[in-house]
Structures are given as C-alpha cells and as structure tokens.
Amino acid sequence: AHFELARGEWFGGRLLTIRPPVAKQLRCLDLLCRKLGSGPEPASLRSPDGTSCPVHLRVLLPSEAVGSVVGKSGAGLKALREAGIALELPREEAAQGWRLLSL
C-alpha cells in the first residue's frame, strides 16, 4: 500500500493516509493495529518524557460512504458497539466531503 504520514497535526493527532487498493489498505491497518497492540500496554505508546499516552484511531470517511458503515437504521454502528468497540461518528463533516470516525 502507498501511505504517507503528515508532519503537522490533524484532528488532534498525526494523519496517516493509506491509498487504495482496499485490500492493501486493510493489510496495512491490520499490521498497524498488531504493532500498536503488541507493547506492554496495548493501544498505548510512550511520549518523549516516558509517560504512556493512549492511541486513538480516527478514520476519515468520504461522506457518501458513511451509510455503509452506519447501516440500515444504525445496524452497522450497533453491531460495532455490541462487539465492544467504542466509537463516535458526529453528524457534521470534519472537512468538506469527509466525516471523522473515532475509535
């Protein structure tokens, strides 16, 4: 997968852009999640001063694709929550044509 890590701060953190095809995007996300979850404190990293800082995954979704995540009558979001995934998906766009899914 072709990816790029932005230098500045975006939406409260660093922006990692993973370009299509989808199969490679999914593989990249899988490897990233495995890496983040393999430390002594899963889903956390160490800041320069040595303190633990949590990792939050935020996914920018094209606004027109949000319906496939939400599902009919919210069934997609409900299924994710029932699987123990805490998430937020505000109704307003984070940027023109994009919605921000926070996990």
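Just so it is clear, the structure is predicted and the values come from calculations on it, not from any experiment. When a residue number appears, it is its place in the shown sequence, counting from 1.
The list of salt bridge (Lys or Arg N to Asp or Glu O under 4.0 Å) pairs with a residue in residues 82-92, not counting sequence neighbours, reads Lys78-Glu82.
Not counting sequence neighbours, the partners of Leu16 by the side-chain contact (heavy atoms from CB on, under 4.5 Å) test are Phe3, Leu5, Ile18, Leu32. Here Ala79 pairs with nothing under the side-chain contact (heavy atoms from CB on, under 4.5 Å) rule; sequence neighbours left out. Residues passing the side-chain contact (heavy atoms from CB on, under 4.5 Å) test with Arg81 are Leu77, Leu87, sequence neighbours excluded. Partners of Glu4 under the salt bridge (Lys or Arg N to Asp or Glu O under 4.0 Å) rule, at least two apart in sequence or in another chain, are Arg19.
Separation of atoms CG (Leu89) and CG (Leu80) is listed at 10.0 Å; rounding is to 0.5 Å.
The hydrophobic cluster containing Val22 also includes Leu26, under a criterion of side-chain heavy atoms closer than 4.5 Å among ILVMFWY residues, counted directly or through chains of members.
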Run the side-chain donor-acceptor check on residues 59-70: report pairs under 3.5 Å with partners two or more places apart or on a different chain.
unit_1 : atom_1 : unit_2 : atom_2 : d
Ser63  : OG     : Glu93  : OE2    : 2.6
Ser63  : OG     : Gly97  : O      : 3.2
Ser63  : OG     : Trp98  : N      : 3.3
Ser68  : OG     : Ala65  : O      : 2.7

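Across Ser102 and Arg58, no two heavy atoms sit closer than the pair OG-CG, 3.6 Å.
Between Pro20 and Gln25, some side-chain heavy-atom pair lies under the 4.5 Å cut-off.
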